[in-house]
Amino acid sequence: MLPHALIIRFRQQLLQWHASCPRPMPWKGLRDPYLIWLAEVILQQTRVTQGWPWFERFRKRFPTVQHLAAATEDEVLKLWEGLGYYTRARNLWRTARYVVEQLDGQFPRNYEGLLKLKGIGPYTAAAIASFAWRLPHAVVDGNVLRVLARFLADDTPIDSGPGKRHFTQLAQTLLDPQYPDSFNQAIMDLGATVCTPHNPQCHKCPLHSDCRATRQGIAPLLPVKRRKTKVRTRHLHYLIWTDGQHTLLQRRPSGDIWAALYDFPFVETSHPTTSGQQLLRQWLHAHQLAEPRSLPHPTLLWQGRQRLTHQLICGYYWWVLTHQLPPTLHNWQYVTIENLCKFALPKLTGNFYTYLLNFKDSLPTGKSNGIYNP
DNA sequence: AAGCCGGGGTA
DNA sequence: TACCCAGGCTT
């Protein structure tokens with residue numbers, strides 16, 4: 001157990017520091033549970049500077065939960081485009097509809113009720129409960145884990161069940177029940193600006209005198225994480241079936257990256273490939289389409305890479321010009337090249353699309369590439 | 001409990 | 001490069 005005097009000092013020094021060290025942000029000080037929820041979901045695993053423009057965009061387009069609930073899933077996804085972790089956008093939309101239709105537009109007034117909503121976990125439930133209604137629930141995010149692990153020189157791995165429970169209880173013990181909103185803001189601000197992952201500014205820290213990691217000189221070594229992310233390399237060969245005007249577009253299925261976003265049908269290979277026609281045959285076979293008498297000659301228009309946390313995506317964009325386009329299968333549709341920008345695209349495909357618009361006047365236009373004629 | 005899910009910033 | 005970011009869901 002923590003000494004009571006230590007707890008009191010922690011609260012007092014933290015709150016005093018926060019009062020004199022504001023970090024202005026558009027969602028700070030808001031009491032509207034909808035806007036708080038919106039901001040917190042946008043900020044999940046996302047830096048403040050990165051999520052900022054998206055929050056402004058969403059707040060302007062969807063001022064209330066009713067506005068959001070009235071939108072389509074595709075419109076929400078399009079506005080979310082480029083931010084990543086797209087399940088957040090779909091859960092945001094689903095929960096908005098649920099709140100409007102089942103809860104009369106009112107968010108649950110307690111932590112447990114909030115926790116039941118799709119896309120709201122322990123962190124976001126505590127954030128809404130404390131910021132909107134000043135309920136005494138401590139937020140535990142990456143900042144808080146780092147501050148607590150260092151303050152107590154605690155090397156319990158933070159990426160484990162016991163570790164998570166341990167630090168959550170510590171945060172709840174330290175939380176000032178009189179000012180849960182200010183306390184939560186303050187401890188996250190401290191982690192983001194002073195108690196940083198690298199080169200922590202310990203000399204500026206209001207908790208410096210009580211910090212055990214500082215005393216032991218091990219602040220930069222904490223917190224401890226056990227799990228290492230292994231990066232998988234993937235080669236995605238996109239086939240841009242086109243007659244020069246339209247292209248075949250697919251809605252990506254669940255169970256893989258970029259679920260529910262749109263891109264081109266593709267074949268995945270374990271190694272880089274150079275034979276476009278070979279890819280074409282693989283693709284036709286995979287979708288049980290008959291091989292045309294005269295196979296088109298795909299042209300590799302563009303290739304790009306995107307490094308994600310857990311995958312290295314190598315994208316190859318093959319231009320497949322033909323008079324007769326393949327039939328549309330499930331989740332496939334034909335759209336004009338101009339209309340591609342109306343769909344939510346993965347960043348990598350968006351990069352290709354930018355290239356396509358810049359160089360569309362010099363695209364292969366020969367009609368002798370073959371005819372899809374099974 | 002472990003794996004998966006994006007994109008970008010920083011040392 | 002490696003690590004991390006106002007985490008949550010699925011298996």
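Please read all numbers here as calculations on a predicted model, not as lab measurements. For the numbers below, each heavy atom of this structure counts, side chains included, while hydrogens, waters and symmetry mates do not. In what follows, every chain begins at residue 1, and chains take the letters A, B, ... in the order their sequences are listed.
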So, is [X] near the phosphate of [N], with a side-chain N or O under 4.0 Å from OP1 or OP2?
X: A/Q306; N: B/dG7; value: yes
X: A/R307; N: C/dA2; value: no
X: A/W54; N: B/dG7; value: no

* How about A/T242 and A/Y334: do any of their side-chain heavy atoms sit closer than 4.5 Å? -> no
* Of A/K118 and A/A39, the one whose closest DNA chain C nucleotide lies more 5' ->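 Residue closer to the 5' terminus by nearest nucleotide: A/A39.
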Looking at [X] and [N], is any side-chain donor or acceptor paired with a base atom of the opposite kind under 3.5 Å?
X: A/Q44; N: C/dG8; result: no
X: A/Y123; N: C/dG7; result: no
X: A/T49; N: B/dG8; result: no

* Between B/dC5, B/dG3, C/dA6, which nucleotide gets closest to the side-chain atoms of A/Q311? ->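 Out of B/dC5, B/dG3, C/dA6, the nucleotide with an atom closest to A/Q311's side chain is B/dC5.
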* From B/dG6, C/dG7, B/dC5, pick the nucleotide closest to the side chain of A/R232? -> B/dC5
* Ring centres of A/F359 and A/W302 under 6.0 Å apart? ->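 When the ring centroids of A/F359 and A/W302 are compared, they turn out to be at least 6.0 Å apart.
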* Has A/R57 got its NZ or CZ under 6.0 Å from the middle of the six-membered ring of A/W54, at an angle within 45 degrees of the ring axis? ->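 Satisfied, under 6.0 Å and within 45°.
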